[in-house]
Amino acid sequence: MSRTITQRELRNDSARILKAAEQGEEFTVTRNGTPIARVVPLDGPDRRYITKEQMDRGLEGMPQIDYQQMRADLEEFIDMDFKDPYEHRNG
């Protein structure tokens, strides 16, 4: 989770903030209350991905999917047969 800091705080406490970033903490920097930048760690886990535990927490309370019913619905409403888009050129 990102912590919000001001531009002044970044300027005055840059060593502390960079040390925290090294340890995995993320910061959103604001100027006059408007977010303008992010300070994120470069080394460490790739932040584009989340852990299984994070995914599980995010999915709590979501309805279960009946995949057989979903497939039946797709087959009812979508023509699943492959059609060659260039067929008319060959004839």
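Because the structure is a prediction, the values reported are computed rather than measured.
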Contact list for residues 30-41, test side chain to side chain donor-acceptor pair (under 3.5 Å), sequence neighbours left out: Glu26-Arg38
In terms of heavy-atom contacts, Leu10 and Ile17 come closest through CA-CD1, 3.6 Å
Determine yes or no for a side-chain-to-main-chain donor-acceptor pair under 3.5 angstrom, with Gln54 supplying the side chain and Thr51 the backbone. yes
According to the salt bridge (charged side-chain N to carboxylate O under 4.0 Å, His left out) rule, which pairs have a member within residues 6-15, sequence neighbours left out? Arg3-Glu9, Glu9-Arg16, Asp13-Arg16
Quick check for you: to the nearest 0.5 Å, what is the distance between Leu18 atom CG and Phe27 atom CZ? 8.5 Å
Within the supplied structure, the quantity of interest is the number of heavy atoms (other residues, nucleotides, ligands) at a distance under 6.0 Å from Glu75 CD; does it exceed 12? yes
Excluding sequence neighbours, so at least two apart, what forms side-chain contact (heavy atoms from CB on, under 4.5 Å) with Lys52? Asp56
When every non-hydrogen atom of Gly58 is compared with those of Met62, the smallest separation belongs to O-CG, 4.4 Å
Test Thr28 against Ser2 for side-chain hydrogen bond (donor to acceptor under 3.5 Å, both in side chains), laying out the working first. CA-CA 6 Å; Thr28 299; Ser2 181; 2.8 Å; yes
I need the minimum non-hydrogen distance between Gly24 and Pro41, along with the two atoms involved. CA-CG, 3.8 Å
